> 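This is the structure, below, for whatever I ask next.
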Amino acid sequence: MISTDTDILRAAEDWSRSGRQVAIATVVETWGSAPRPVGSHLVIDAEGNFVGSVSGGCVEGAVVAEAADVIADGKARMLEFGVADEAAWKVGLSCGGRIKVYVEPVRAEAAL
């Protein structure tokens with residue numbers, strides 16, 4: 001079971017070294033009641049497999065979908081979810097807070 005940020009980052013490195021296309025999502029800002037703290041990670045591969053958490057489950061699906069685009073085009077994205085955002089209610093962030101998540105591709109050479 002992967003339980004720490006170190007384990008999650010190690011998974012990103014291992015997946016990348018084994019040839020999998022990988023993106024990493026990191027909570028970079030929170031406001032109000034946020035489910036996970038700044039620095040929390042979610043690692044996603046091109047098949048949609050993931051480990052870690054950026055929201056305790058409430059926006060992971062949306063982040064995984066965006067990560068697929070990041071992997072496909074190689075361009076990082078900043079995502080924002082909040083209670084005032086209709087998309088946040090759709091994906092389940094109804095805790096009253098707001099989070100910003102940075103999603104970036106992991107390059108194989110960076111993992112070596």
Side-chain angles (χ1 to χ4, degrees):
M1 180 169 152
I2 293 182
S3 59
T4 68
D5 284 330
T6 300
D7 295 334
I8 295 163
L9 295 175
R10 187 169 292 124
E13 181 179 25
D14 291 346
W15 288 5
S16 183
R17 283 187 175 173
S18 71
R20 291 161 84 171
Q21 293 178 297
V22 178
I24 187 163
T26 305
V27 176
V28 295
E29 185 178 313
T30 65
W31 177 88
S33 177
R36 299 282 295 144
V38 168
S40 297
H41 300 290
L42 179 68
V43 174
I44 310 99
D45 74 4
E47 310 277 312
N49 299 302
F50 63 92
V51 294
S53 177
V54 292
S55 72
C58 54
V59 300
E60 261 75 6
V63 174
V64 168
E66 286 289 332
D69 293 338
V70 167
I71 290 168
D73 67 20
K75 296 179 183 174
R77 290 168 174 68
M78 182 70 73
L79 311 176
E80 186 170 348
F81 301 96
V83 72
D85 182 354
E86 182 178 317
W89 283 98
K90 262 190 200 175
V91 297
L93 188 66
S94 57
C95 58
R98 182 174 64 234
I99 62 172
K100 282 189 180 181
V101 179
Y102 185 68
V103 185
E104 61 188 314
V106 173
R107 310 251 190 275
E109 59 275 3
L112 299 176

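The structure presented is a predicted model; accordingly, all values stated were derived computationally and were not measured. Along the sequence shown, the residues carry numbers beginning at 1.
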> Return the minimal non-hydrogen interatomic distance between V64 and G48, and the atom names on each side.
CG1-O, 4.2 Å
> Which pair of heavy atoms, one from I44 and one from A67, lies closest together, and at what distance?
CD1-CB, 3.7 Å
> Can you name the closest pair of heavy atoms from A25 and V101 and give their distance?
CB-CG1, 3.7 Å
> Using the test salt bridge (charged side-chain N to carboxylate O under 4.0 Å, His left out), find all partners of R77 that sit at least two apart in sequence or belong to another chain.
E66, D73
> Can you list everything that forms a salt bridge (charged side-chain N to carboxylate O under 4.0 Å, His left out) with R20? Sequence neighbours excluded, please.
D45
> Check for a donor-acceptor pair, side chain of T30 on one end and backbone N or O of A34 on the other, with a separation under 3.5 Å.
no
> List in chain and number order the residues that pass side chain to side chain contact (heavy atoms under 4.5 Å, CB included) with L9, two or more places apart in sequence or in another chain; answer none if no residue qualifies.
I24, H41
> Output yes when a side-chain donor or acceptor of E80 lies under 3.5 Å from a complementary backbone atom of R98, and no otherwise.
no
> What is the minimum heavy-atom distance between A23 and V70, and which atoms define it?
CB-CG1, 4.3 Å
> May I have the step-by-step check of side chain to side chain contact (heavy atoms under 4.5 Å, CB included) for V51 and D7, ending in yes or no?
CA-CA 9 Å; V51 294; D7 295 334; over 6 Å; no
> Are I71 and L79 grouped together when hydrophobic residues (ILVMFWY) are joined by side-chain heavy atoms under 4.5 angstrom apart?
no
> Looking at every heavy atom in both E60 and S53, which two are closest together, and how far apart are they?
OE2-OG, 2.8 Å
> Pair N49, W15 - check side chain to side chain contact (heavy atoms under 4.5 Å, CB included), show working.
CA-CA 11 Å; N49 299 302; W15 288 5; 4.2 Å; yes
> Looking at I99 and S55, what are the two nearest heavy atoms and their distance?
CD1-CB, 4.2 Å
> Hydrophobic clusters join Ile, Leu, Val, Met, Phe, Trp and Tyr when side-chain heavy atoms are under 4.5 Å apart, directly or via other members; which others share one with V28?
M78, Y102
> How would you list all residue pairs meeting salt bridge (Lys or Arg N to Asp or Glu O under 4.0 Å) that involve residues 48-58, not counting sequence neighbours?
none
> Under the rule for side chain to side chain donor-acceptor pair (under 3.5 Å), what residues qualify as partners of S40, not counting sequence neighbours?
R36
